[in-house]
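When reading the values below, keep in mind they use all heavy atoms of this one structure, side chains included, and skip hydrogens, waters and symmetry mates. Quantities reported herein were computed from a predicted structural model and do not represent experimental measurements.
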Amino acid sequence: MPLLELRNISRHFGAIRALDDVSLTIEQGEIVGLMGDNGAGKSTLVKIVAGNHTPSGGEYLLDGKAVHLSDPAQARQEGVEVVYQDLALCDNLSSSANVFLGREMTRGIGPFRILDHAAMRRRAGELFHGLQTETRPRDLVMRMSGGQRQAVAIARTMLSQSKIVLMDEPTAAISVRQITQVLALIRRLRDQGTSIVLISHRMTDVFEICDRVVVMRRGRKVADKAIADTSPEEVTALITGAKASA
């Protein structure tokens with residue numbers, strides 16, 4: 001049984017059909033690359049999975065159970081997390097404070113509570129250790145490299161033991177060395193049993209770490225193939241329309 005299953009999902013914005021009859025499955029511990037040109041429907045599909053949009057038609061199933069998400073907070077409760085391209089981090093805060101942003105740990109007696117910084121730093125340190133990153137709990141985000149910032153964003157998804165993490169262009173605008181670090185982080189997240197949807201324009205990244213690639217064009221899914229059964233040339237042809245489907 002797939003961890004996530006989308007059946008015949010559509011999404012309309014007035015007369016615009018952003019998604020048209022898209023079906024997709026994600027297995028546990030799988031990395032799926034989601035590719036397509038701008039306007040292909042990738043963002044709309046991801047926003048439906050993340051609870052930002054409700055589909056105009058179709059079914060959304062998690063662990064075989066139909067779900068109806070009304071907002072991202074509900075999606076997070078169901079085990080769906082998103083790492084956005086801008087990472088949504090606060091530069092003036094430490095890495096541990098960013099990991100727990102909005103989910104802070106407190107201590108105290110009765111209604112009198114204060115932030116438990118020591119506990120948050122300790123737990124953040126455990127998450128960073130599990131990801132084998134150089135990021136430290138007390139480090140300020142403003143002084144971090146792109147790879148370290150991604151580690152903070154990924155650690156945040158691990159707080160709730162997420163089942164699925166949607167990653168939007170995680171290797172955009174960072175150096176080659178940092179790309180290697182981020183791809184290693186994604187593999188470690190997968191090794192812990194989390195499923196990952198990698199939205200990327202970088203063909204080399206998709207073919208390096210993904211198990212499957214799904215190609216979108218003009219709101220429709222035109223391919224869903226194992227990485228071993230396709231090639232960068234074929235995927236490029238599918239993205240541009242030189243090849244209709246596969």
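A distance of 11.0 Å separates NZ in K65 from CE in M1, rounded to the nearest 0.5 Å. Put simply, CG on D224 and CZ on R212 are 4.5 Å apart, with the number rounded to the nearest 0.5 Å. Atom CD of E5 is separated from atom CD of E27 by 9.5 Å, given to the nearest 0.5 angstrom. Atom CG of residue N98 and atom OG1 of residue T135 lie 11.0 Å apart, to the nearest 0.5 angstrom. From R156, atom CZ reaches atom OG of S96 across 12.5 Å, with rounding to the nearest 0.5 Å. Atom-to-atom distance recorded for E78:CD and S162:OG is 13.0 Å, nearest 0.5 angstrom.
With S10 contributing its side chain and S56 its backbone, the two residues share no donor-acceptor pair below 3.5 Å. Counting only distance, with no hydrogens or angles, the side chain of Y60 and the backbone of L69 share no donor-acceptor pair below 3.5 Å. Side chain of R11 to backbone of T54: a donor-acceptor contact under 3.5 angstrom is found. Side chain of Q77 to main chain of Q74: no donor-acceptor pair is present (N/O by atom type, distance under 3.5 Å, no hydrogens or angles).
Residues M144 and D139 meet the side-chain proximity criterion, which asks for heavy atoms closer than 4.5 Å. Looking at N92 and L140, their side chains never come closer than 4.5 Å, going by heavy atoms from C-beta outward. No side-chain heavy atom of M120 sits under 4.5 Å from any side-chain heavy atom of V99. The shortest distance between side-chain heavy atoms of I154 and V165 does not fall below 4.5 Å. Side chains of L87 and Q150 form a contact here, defined as non-hydrogen atoms less than 4.5 Å apart. Contact of the V235 side chain with the T230 side chain is registered, since non-hydrogen atoms from C-beta on lie closer than 4.5 Å. The shortest side-chain heavy-atom distance between T106 and D116 does not fall under the 4.5 Å cut-off. Within the 4.5 Å cutoff, no side-chain heavy atoms of K163 are placed close to those of T194.
Within a 6.0 Å radius of CZ in R136, no more than 12 heavy atoms belonging to other residues, nucleotides or ligands are found. For CZ of R138, the number of neighbouring non-hydrogen atoms (other residues, nucleotides, ligands) closer than 6.0 Å is 12 at most. Residue Q192 qualifies as enclosed at atom CD: its count of foreign heavy atoms under 6.0 Å is above 12.
The cluster map of Ile, Leu, Val, Met, Phe, Trp and Tyr, joined by side-chain heavy atoms under 4.5 Å apart, puts V213 and V197 in different clusters. Linking ILVMFWY side-chain heavy atoms closer than 4.5 Å, directly or via other members, places I9 and L61 in two distinct hydrophobic clusters. By the criterion of side-chain heavy atoms lying less than 4.5 angstrom apart, applied directly or through intervening Ile, Leu, Val, Met, Phe, Trp or Tyr residues, V46 is not grouped with I31; the two fall into different hydrophobic clusters. If you chain together hydrophobic residues whose side chains sit under 4.5 Å apart, M158 and I186 fall into the same group. There is a path of hydrophobic side-chain contacts, each under 4.5 Å, that joins L185 to V141.
Listed by first and then second residue, the salt bridge (charged side-chain N to carboxylate O under 4.0 Å, His left out) pairs that reach into residues 34-62 are R7-E59, sequence neighbours excluded.
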Candidate pair E208 and R202, rule salt bridge (charged side-chain N to carboxylate O under 4.0 Å, His left out), full reasoning:
CA-CA 10 Å; E208 182 174 344; R202 287 181 53 85; over 6 Å; no

Take I199 and M167, measure what side-chain contact (heavy atoms from CB on, under 4.5 Å) needs, and give me the verdict at the end.
CA-CA 6 Å; I199 303 97; M167 305 194 72; 5.6 Å; no

Begin from the C-alpha positions of D211 and V32 and carry the test side-chain contact (heavy atoms from CB on, under 4.5 Å) through to its verdict.
CA-CA 6 Å; D211 302 296; V32 176; 6.0 Å; no

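F100 has its ring centre no less than 6.0 Å from the ring centre of H117.
Scanning both residues, L166 and A50, for their nearest heavy atoms gives CD1-CB, 4.0 Å. The two atoms that bring S95 and F128 nearest to each other are OG-CE1, 3.5 Å, heavy atoms only. Nearest heavy atoms, I227 versus C210: CG1-O, 3.1 Å. The two residues L3 and S195 have their closest heavy-atom pair at CD2-OG, 3.4 Å. Of all the heavy atoms in L89 and R149, the pair that sits closest is CD1-O, 3.7 Å. A pairwise comparison of heavy atoms in T133 and A151 identifies OG1-CB, 3.6 Å as the closest pair.
The pair R218-D20 fails the salt-bridge criterion, with no side-chain N (NZ, NE, NH1 or NH2) lying under 4.0 Å from an Asp/Glu carboxylate O. The pair D191-R188 does not meet the salt-bridge criterion, since no charged nitrogen lies less than 4.0 angstrom from a carboxylate oxygen. Between E81 and R103, at least one side-chain nitrogen of the basic residue sits less than 4.0 Å from a carboxylate oxygen of the acidic one, meeting the salt-bridge criterion.
When each of T44, L45, I48 is paired with V22, the side-chain contact (heavy atoms from CB on, under 4.5 Å) condition holds for L45 and for no other. Checked options M216, K221, H12, H53; the residue passing with L19 is M216 (criterion: side-chain contact (heavy atoms from CB on, under 4.5 Å)).
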Pairs under 3.5 angstrom only: tabulate donor-acceptor contacts from the side chains of residues 237-246 to other protein residues two or more places apart or in another chain.
unit_1, atom_1, unit_2, atom_2, d
T240, OG1, T236, O, 3.0
T240, OG1, A237, O, 3.2
T240, OG1, A242, N, 3.4
K243, NZ, E234, OE2, 2.6

Could you pull out every donor-acceptor pair under 3.5 Å between side chains of residues 169-184 and any protein atom, sequence neighbours left out?
unit_1, atom_1, unit_2, atom_2, d
E169, OE1, H201, N, 3.3
E169, OE2, H201, N, 3.2
E169, OE2, H201, ND1, 2.5
T171, OG1, D205, OD2, 2.5
S175, OG, Q178, N, 3.2
Q178, OE1, S175, N, 3.4
T180, OG1, V176, O, 3.2

